[in-house]
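Below is one structure; the comments refer to it alone.
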There are 2 protein chains.
Amino acid sequence: MAALSPGVLGALDPTSDRAVFRQIADQIREAIDKGRFTEGAKLPSEAELVEHYGVSRMTVRNSLSILQTEGLVVSEHGKGVFVRPRPPVRRLASDRFARRHREQGKSAFLVEAEAAGSKSEVDSLEVGEERPSQDISARLGSPRRVLARRRRYLLDGRPVEFATSYLPLDLARNTPIAQPNPGPGGIYARLEELGHRLDHFDEEIKARMPTPQEVRTLRLSSGVPVIHLVRTAYDTEGRAVEVCDTVMAADAYVLAYRLPAT
Amino acid sequence: MAALSPGVLGALDPTSDRAVFRQIADQIREAIDKGRFTEGAKLPSEAELVEHYGVSRMTVRNSLSILQTEGLVVSEHGKGVFVRPRPPVRRLASDRFARRHREQGKSAFLVEAEAAGSKSEVDSLEVGEERPSQDISARLGSPRRVLARRRRYLLDGRPVEFATSYLPLDLARNTPIAQPNPGPGGIYARLEELGHRLDHFDEEIKARMPTPQEVRTLRLSSGVPVIHLVRTAYDTEGRAVEVCDTVMAADAYVLAYRLPAT
DNA sequence: GAGTGGTCTAGACCACTTG
DNA sequence: AAGTGGTCTAGACCACTCA
């Protein structure tokens with residue numbers, strides 16, 4: 001066991017009211033913030049911290065678990081605890097559904113990924129008819145059954161987003177939209193070909209901690225929230241023609257919107 | 001110590017590979033999801049869980065800490081562990097900075113809160129000149145010094161948002177904008193009176209876990225992320241006239257945006 | 001004062017990774 | 001085989017809340 005390089009981590013203040021495990025977490029956090037442990041670097045092992053601070057192992061683990069839930073570090077079984085690397089971020093611009101992009105034929109996700117020099121994939125694509133949840137149903141004008149299209153997006157091999165599109169059956173049944181691959185420009189291009197000229201999209205954004213299922217699907221490390229985005233597409237007659245429910249790894253995204261001052 | 005009502009929580013599966021503390025967390029999570037513990041309800045005490053499952057206290061505490069970081073429960077010292085109550089949610093619409101709202105004279109925050117039947121306050125208002133961070137400076141066209149306006153918003157007594165506005169000094173110095181209370185319609189109304197007619201706003205949204213400082217300022221319970229929103233206001237000449245950096249308690253907000261399909 | 005969660009100890013054994 | 005984190009035990013004492 002290597003000795004801890006001196007000076008990186010200080011000593012405890014026995015006169016402080018602050019719990020020992022919080023003091024240890026504070027010191028490690030500060031060392032990370034000040035760049036003494038850089039992104040991806042390995043922290044001292046639990047055993048080293050036990051020796052350095054003269055506390056029990058559970059106390060050290062408690063400190064590290066704080067930093068994990070803050071999203072500062074990740075632990076890897078058998079290897080160590082590391083400063084969490086920041087993945088490349090995908091920027092979603094508010095013009096990402098503009099018609100001019102659709103007309104170029106490629107899906108928005110793939111085009112943007114290529115522009116950023118990333119390799120992107122789409123997997124676990126499922127298409128089928130089902131009964132919508134109350135929320136989805138209400139947004140679509142209360143259809144009894146809908147077409148659901150589920151898919152997961154990966155960026156350089158890492159899952160970053162899981163999305164489900166819902167469309168009223170009378171719109172989508174027996175159309176290319178019901179096919180796994182709907183063709184160039186995606187389902188929005190097909191909707192317009194079918195006579196549903198799109199007028200606008202409404203997006204609702206929340207952030208929260210992931211469910212255990214979402215942790216698995218997106219392979220999220222602890223301390224990473226999700227962005228939950230629900231988009232409703234309206235045609236020029238004011239009808240809701242699609243609802244897209246999207247869950248994104250929050251550390252992989254920044255969403256951008258432009259608002260008129262009018 | 002009251003006995004645990006039978007049937008609410010099951011037994012452990014000793015043949016399972018899943019760690020005991022995860023199994024316990026799974027069972028409590030499922031009970032919450034199925035409504036057997038409703039919002040605000042008290043969970044069985046740690047001692048009751050120890051007895052029910054026949055495990056040590058640390059194992060039970062480990063289970064509960066999982067549910068805490070998931071944002072499902074909150075613990076209160078000396079009282080118990082409770083299903084986390086969902087606070088009222090503030091909806092931010094994408095037309096919230098429309099000129100017609102400004103012209104009514106009240107701040108957007110107060111108007112919306114009143115409409116929702118909530119009591120709102122603004123506190124810890126600080127106004128002063130300072131040197132901007134690199135990021136803020138770049139967004140504002142690299143001024144050396146800026147006017148900073150910090151304030152915290154509360155809804156029914158609960159802090160929900162902390163925001164700082166930055167304006168180039170040459171715009172704001174010796175104007176009502178440099179006053180703690182800038183007058184009816186807020187700083188955007190003042191900017192327009194000063195000849196900076198607003199054209200549009202760009203907003204960037206991220207979500208992440210809060211820093212310890214943000215936990216204190218917003219009194220966040222564990223398992224609640226923050227939404228970090230940075231808005232830049234542009235005048236009709238294309239100049240960035242303000243940057244507003246906002247940190248929101250994610251469980252108190254849903255953001256809504258409308259995108260044109262054009 | 002009884003019940004609750006918060007902190008901490010000193011061990012034990014296991015599973016995973018690396019040389 | 002050595003080092004790492006993952007799980008679990010059986011205690012102890014403390015601080016807070018409520019009757």
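Below, read A as the first sequence line, B as the second, and so on, with proteins coming before strands; counting in each chain starts at 1. Keep in mind that this is a model prediction, so the values were computed, not measured. What you see below is based on every heavy atom in this structure, not just the backbone, and it leaves out hydrogens, waters and symmetry mates.
- Whole-Å rounding puts the A:Glu51 CD to D:dT4 C1' distance at 16 Å.
- You'll find the side chain of A:Arg18 reaches within 4.5 Å of the side chain of A:Asp26, heavy atoms only.
- Between A:Phe21 atom CZ and C:dT9 atom C1' the separation is 15 Å, expressed in whole Å.
- A donor-acceptor pair shorter than 3.5 Å can be found between the side chains of A:Arg151 and A:Ser165.
- In this structure, the NZ atom of A:Lys42 is 15 Å from the P atom of C:dT17, given to the nearest Å.
- For B:Arg22 and D:dT7, the shortest distance from a side-chain N or O to OP1 or OP2 is below 4.0 Å.
- For B:Arg61 and C:dG6, the shortest distance from a side-chain N or O to OP1 or OP2 is below 4.0 Å.
- By the 4.5 Å heavy-atom criterion applied to side chains, B:Val146 and B:Glu130 are counted as neighbours.
- Taking a 4.0 Å limit (strictly below) on heavy-atom distances, residues 71-84 of chain B reaches DNA chain C at B:Ser75, B:Glu76, B:His77, B:Gly78, B:Lys79, B:Gly80, B:Val81.
- Regarding A:Ile24, its CD1 atom lies at a distance of 12 Å from the C1' atom of C:dT7, rounded to whole Å.
- Within the 4.0 Å cut-off from OP1 or OP2 of D:dG11, not a single side-chain nitrogen or oxygen of B:Ser56 is found.
- Listed nucleotides: C:dG5, D:dG6, D:dC8. Nearest to the side chain of A:Met58: D:dC8.
- Each of D:dG5, D:dT9, D:dC8 was ranked by its minimum atom distance to the side chain of A:Arg57; first place goes to D:dG5.
- Note: CG (B:Asn62) to P (C:dG6) measures 13 Å, nearest angstrom.
- Between A:Arg18 atom CZ and C:dG6 atom P there is a gap of 15 Å when expressed in whole angstrom units.
- Using a 3.5 Å distance cut-off with no hydrogens or angles, the side chains of A:Tyr257 and A:Glu203 do pair a donor with an acceptor.
- Close to D:dG3, at under 4.0 Å from its OP1 or OP2, lies no side-chain N or O of A:Ser45.
- Evaluated for a salt bridge (Lys or Arg N to Asp or Glu O under 4.0 Å) with B:Asp251, the options B:Arg86, B:Arg84, B:Arg90 yield exactly one hit, B:Arg84.
- Atom OG1 of B:Thr164 and atom CZ of B:Arg150 lie 4.5 Å apart (nearest 0.5 Å).
- A:Tyr53 and A:Gln27 share a donor-acceptor pair across their side chains, judged by distance under 3.5 Å alone.
- For the pair A:Asp17 CG and D:dC16 C1', the computed distance is 15 Å after rounding to whole Å.
- In this structure, B:Leu43 places its CG atom 13 Å from C1' of C:dT4, rounding to the nearest Å.
- The phosphate of C:dT7 (OP1 or OP2) has no side-chain N or O of A:Thr59 nearer than 4.0 angstrom.
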